[in-house]
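Before any comments, here is the structure.
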Amino acid sequence: MGTKRHFRVWRGDSAGGDIEDFDVEVNEGEVVLDIIHRLQATQTPDLACRWNCKAGKCGSCSMEINGKPRLGCMTRMSTFEEDETVTITPLRTFPVIRDLVTDVSFNYEKARETPAFAPPPGVAPGDYRMQQVDVERSQEFRKCIECFLCQNTCHVVRDHEENKAAFSGPRYFIRAAELDMHPLDDREDRKEYAQANQGMGYCNITKCCTEVCPEHIKITDNAIIPMKERVVDRRYDPLVWLGRKIFRRDELDGSNGSRGENMAPSTSVGVTDLAQGGAFPTHRGPEGPEVREDGKMDVTEVTLPTQGGPSPFGDQQFPLPSDRVSYQQPAQPPDNDH
Amino acid sequence: MTTARIERHHYDVVVIGAGGAGLRAAIEARLAGKRTAIISKSLFGKAHTVMAEGGAAAAMGNVNSRDNWMVHFRDTMRGGKFLNNFRMAELHAKEAPERIWELETYGALFDRTKDGKISQRNFGGHEYPRLAHVGDRTGLELIRTLQQKIVSLQQEDFAETGNYDSRIRVFSETTITELLLDGNKVAGAFGYYRESGEFLLLEAPAVILATGGVGRSYKVTSNSWEYTGDGHALALRAGATLINMEFLQFHPTGMVWPPSVKGILVTESVRGDGGVLRNSDGKRFMFDYVPDVFRKQYADTEEEADRWYNDPDNNRRPPELLPRDEVARAINSEVKAGRGTKAGGVLLDVSTRMPAETITKRLPSMYHQFKELADVDITKEPMEVGPTCHYVMGGVEVEPDSAAAMGTVEGLFAAGEVSGGMHGSNRLGGNSLSDLLVFGKRAGEHAAAYTDSLAKRPKVATSDVESAVVTALAPLERQGGENPYTLQQDLQAVMGDLVGIIRRAGELTDALKRIQELKLRVAQVGAAGGRRYNPGWHLALDLRNMLIVSECTAKAALEREESRGGHTREDFPAMNPDWRLVNLVCSLDNSGDVHLERKPLPRMRDELIQLFERTELSKYLTEDELTQFDAIEGPKGDARVPGVRTDPSKTEAK
Amino acid sequence: MTTTATRPGVGPNGPQRPRAAITAKTLRTDRWWLAPLITFVGLGAWVAYATVRVFMHKWYFVEQYHYLTPFYSPCLTDRCVEGSALFGTPLPSWWILPEAAFTLPFLLLFRLTCYYYRKAYYRAFWLSPPACAVPDGHAKYTGETRFPLIFQNAHRYAFYAAMIISLINTYDAIIAFRSGDSFGFGLGNIILVGNVVMLWLYTLSCHSCRHITGGRLKHFSKHPVRYRVWTFVSKLNVRHMQLAWITLGTLALTDFYVMAVSAGWFSDLRFVG
């Protein structure tokens, strides 16, 4: 029932690699990810590839198929000609781990730097009231499955590695837009943040992010451009400025909104935790214990009271001393050291 | 091959699993001031929770004000065929609304009602519209919200300490292969980074399991590769027990065509919004399958059923909205009777029931999914659907209030799909998302409290670490061993064919024999290649978990000689009230084999059992229990909670 | 996410991990170069035509029917022929000075800073990038973060100017319904009106307009009227690209028609008068 088709798959790791040729059976109704699974089951059991839901909902199987960033599970084989060679490569923008798997930590670091939702003060859980028309814009962006195809295809970082420190990428512009349009979000400096810290000015709206989005989020039209316009509102528009002066009010100016004092600097480039800067005085990376010739640990090493490396927090106290926690702390017996 | 260097970390609470339950537990543990690690088998935020589409059930009463926790509790018990742990069902029904509201403070954006509250939708088995939802991507919203809450906690920590990871850290693409004990106390967890193959040892006095289900042992399943029963197996090996493992939920409507997307779910809201099931003769067959227990609530005629969508107060609901096991069984019977499609399913049709625009508005991702994956336009043609392994009701036996695992182990907690008891023999749609919030929070809270109660930190023994290393490296040292993919396929065939939706004693005995054979073969499994991101090796390690869990399921399924919820025995087709008193509990004996024992179900508190009518109870309870019920009901028969019983005007006025 | 920090060899100061070693610049097999090529040729041809026409200084007005080409509206130099200058002639007649010296720069600015045209020329002319997943043609890239491209943010000013110019064009189209001193109506009127309608649609579908009318609000529910306007503009906005090209076409066509009638290459098809 199936026919043999020709595939080219990039195999290798950070030390280098090459595109290898395979002939694989293809059946009716299959997608590219099925072919990769067949390759794993029949020819290359150690071919590395991320996947999870196989239904276009989790955004794990991002890869480049015939040079285009796609989800492997959403690319039907019927979209190719019978005799067409299909070339599958890992995402180019991120460091490769092995085969089709890349290190996407860049995105998670940028996510950590984007200020989180600021709940409105004084509104109890259960008392949140929002109108459907008000939440719809943000809901569009919350469809994002974090496949990072937009991050991968954006030429700002794809072709210019040096921009990674200053540029957060489309995924985090829609996050900023989502929160800026959230009816109850208490922060109002998200536009400034997007411009100053996320590097929105790097975007030249060539719309490749929108083109590759598997969820069909209108990233450029509905998030980036409105955010750029919101920056213009504050910085460049004469009429808006005048209107604000005359009517002494502005939709965008909340009077009780908080300002972003604790914004994190955007500096990480996705390879390490540069963002944390190693500045935390007691921070030391955990270390592995010495191992013997046979690859096993020395017995004494494991039986020591402080085994292996130090705790990642640089302290050996347990539980955490109460002055180091910011939340409810169970009652503790009085401590003589104080 | 790299040397066996082991990276070590110290934490207070280690959460294994980064789905809804795991993240909620981690948030709670961190809020309690505990240094928390989250172990995720895939990337952060890719958990299987994203697949949940319908919504999260919580009796907020936003759409129908008659809804309250007691009605929700009753629906849950009814859906689980009274085998649920009543206390878990009670806590769940009581706390679910708070957990949902809490999500809004984390930034979740649910669909709204006209007055700005969270909108709630109908779902099979729920008496009132109860599911908080966001289109048909509620699971994604939930996971993203929790993920972003964790990020926001990390930002607070960064502001304070200069380090995002100082109090809560996510280990993504990391698998735990072994829990390490100090006597009976949990002392740590051992595992490997999938990416590099390097080992890591997390020393922690409390471990929360939130690893999800076991569906990957089945041929047709909606579950992702992660669902290999890791948490179930870790718990067993640590001395905890599993209950209700015979109960697996087969989602009635998974895609059966095209073959490459076999198993992907068609959300129940397709039926809730008006979709109907037809066999290949075009007959709307569900009317023939309404069990007597449900006759009162479900329509007899197509006309009444169709009226219900617009006027639910004066009509009975369509039989397409029966609990999912009834629907799964009905579809199975139709297909076996030769009235199915060529691919072995039935037709689910919305195209003739609603205008195309309404369909794309109400079911956007369903439409999108069928269009992109299968090139099927659901606004123009019906879908081909059939039963798919979807959810395991059974799991780690836990203490209801604290989510602490039972058995001999201390310091182990479980929440979400990996825990058992809450859903009884069958889970209602929408109850899993609220389950993982309610019990995720409880697990985090109690794990934190447990660490405080310890006088000293349990220690990891050297020998345990060494043997964990040897076990983990074993498949790599058998480069010529058997292919793990072949073994997985064989196991899936055994489970799918012999321990599937309809079970027989002979087949189950056969299955157990084959599982024993597979055990020997899995002991010889080999993995080609090295340790860096090697999926063959990962699968080889997961196989032994899948096998133990499959053995539990098969043994329990053979033992339980009745049909109830997610367990259907062809040779014992009826529900037996005597079996309702019994939970089947699995544990591991010293030789590593599964040991099964019967354990009585806890007795429901008086005020809870009084929420039900005697006529309904008489279908589930034994004569003795009914006598007891009459005894508590008799003297204070009028002291019921008003408005809670099935409203007579609603079900009997016709 | 955070795990990389503790991997051997990769610390805060460790070496950067390389990307996959793929030699081909792009592996795209479709004709990705076609779209930028068409844009390049289309925009290039139009700019060439417009430049030639603007500096021709003739054949821009049909006195008999009062047809004025949008390229010369409003006509402001001493050279302007009788009847074509509605706002006086404050400007001298240097050849370097276009007749519509006050409006053309704004129109140019409006289109240059338009969010659609930016995409089009960044891709087709600047090759930054020529197409998705095709390498950028430049070694360094700073986007619109600094001079001169930061002035793309002036789009809002240009939009306000374009609104005024659209009003002038509308006025031109209305007063063109004449034949000598009485009412008249010919094919030229249809072309002029069609052009103006398209210009309005293009101007209103602008992203800045979408933002001003409602996009900047946080709560639509509190501004039902602006929400409806925003919904309407949003619908137009989806067609912004098509409208951008259509208006280039209608502008050139209108101008050519006026030039041809004015030069006497053919005469206007009259329905009335």
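Side chains included, hydrogens not; waters and symmetry mates left out as well; all remaining heavy atoms used. Each chain gets a letter, A, B and so on, in the order its sequence line appears, and its residues count up from 1.
Under the 4.5 Å side-chain criterion, counting only non-hydrogen atoms from C-beta, B:R137 is not in contact with A:K57. Side-chain contact between B:E141 and A:R142: present, with at least one pair of heavy atoms (C-beta onward) separated by less than 4.5 Å. Counting heavy atoms from C-beta on, the side chains of B:E104 and A:F117 never come closer than 4.5 Å. By the 4.5 Å heavy-atom criterion applied to side chains, A:I97 and B:R532 are counted as neighbours. Side-chain atoms of B:W101 and A:Y128, non-hydrogen and from C-beta on, never get closer than 4.5 Å to each other.
Among the candidates B:H48, B:Q489, B:E173, the residue making the largest number of heavy-atom pairs closer than 4.5 Å to chain A is B:E173. Ranking A:G56, A:C73, A:G59 against chain B, the residue ahead of the rest is A:G59, based on heavy-atom pairs under 4.5 Å. Counting heavy-atom pairs closer than 4.5 Å to chain B, the top residue among A:Q139, A:H37, A:E136, A:H182 is A:Q139. Here A:C53 is the residue among A:C53, A:P119, A:A111 with the most heavy-atom pairs under 4.5 Å with chain B. Counting heavy-atom pairs closer than 4.5 Å to chain A, the top residue among B:N534, B:I100, B:T105 is B:T105. Among A:K143, A:E178, A:E215, the residue making the largest number of heavy-atom pairs under 4.5 Å with chain B is A:K143. Contact count versus chain B (heavy atoms, under 4.5 Å) is highest, among A:V135, A:T42, A:D127, A:N52, for A:N52. The most heavy-atom pairs under 4.5 Å with chain B, out of A:R98, A:M130, A:M74, come from A:M130.
No part of B:N62 comes within reach of chain A, as not one of its non-hydrogen atoms sits under 4.5 angstrom from that chain. Contact annotation for A:P120: neither backbone nor side-chain heavy atoms come within less than 4.5 Å of a heavy atom of chain B. Heavy atoms of B:F110 lying under 4.5 Å from chain A belong exclusively to its backbone. Only the side chain of A:R76 comes within contact range of chain B, with heavy atoms under 4.5 Å apart. In this structure, no portion of B:E98 lies under 4.5 Å from any heavy atom of chain A. Neither the backbone nor the side chain of B:Q488 comes within less than 4.5 Å of any heavy atom in chain A. For B:S119, no part lies under 4.5 angstrom from a heavy atom of chain A. Interface remark: B:L140 contributes side-chain atoms only to the contact with chain A (heavy atom separation under 4.5 Å). Using a 4.5 Å cut-off between heavy atoms, A:H216 contacts chain B through its side chain alone, with no backbone atom that close.
Rounded to the nearest 0.5 angstrom, B:L43 CG and A:R50 CZ are separated by 4.0 Å. Separation of atoms CH2 (A:W51) and OG (B:S224) is listed at 6.5 Å; rounding is to 0.5 Å. Atom CZ of B:F44 and atom OG of A:S105 lie 14.0 Å apart (nearest 0.5 Å).
Checked by atom type and distance alone, the side chain of A:Q132 never pairs as donor or acceptor with a backbone atom of B:K114 at under 3.5 Å. Between the side chain of A:R129 and the backbone N or O of B:K117 there is no donor-acceptor pair closer than 3.5 Å. A side-chain donor-acceptor contact under 3.5 Å links B:Q155 to the backbone of A:R112.
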Item to complete: Kindly determine whether B:V50 and A:I145 satisfy side-chain contact (heavy atoms from CB on, under 4.5 Å), including the steps that lead there.
Response: CA-CA 9 Å; B:V50 301; A:I145 57 174; over 6 Å; no
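Remark: B:K46 is not positioned above the aromatic ring of A:Y108, lacking an NZ or CZ atom under 6.0 angstrom from the ring centre and at most 45 degrees off the axis.
Residues B:P535 and A:P45 come closest through the heavy atom pair CG-O, 3.8 Å. Across B:N483 and A:A41, no two heavy atoms sit closer than the pair ND2-O, 3.5 Å.
Taking the charged nitrogens against the carboxylate oxygens, B:R144 and A:E146 do have a contact shorter than 4.0 Å, which makes a salt bridge.
A side chain to side chain contact (heavy atoms under 4.5 Å, CB included) with B:Y533 is found for exactly one of A:D13, A:D99, A:V101, A:L100, namely A:V101.
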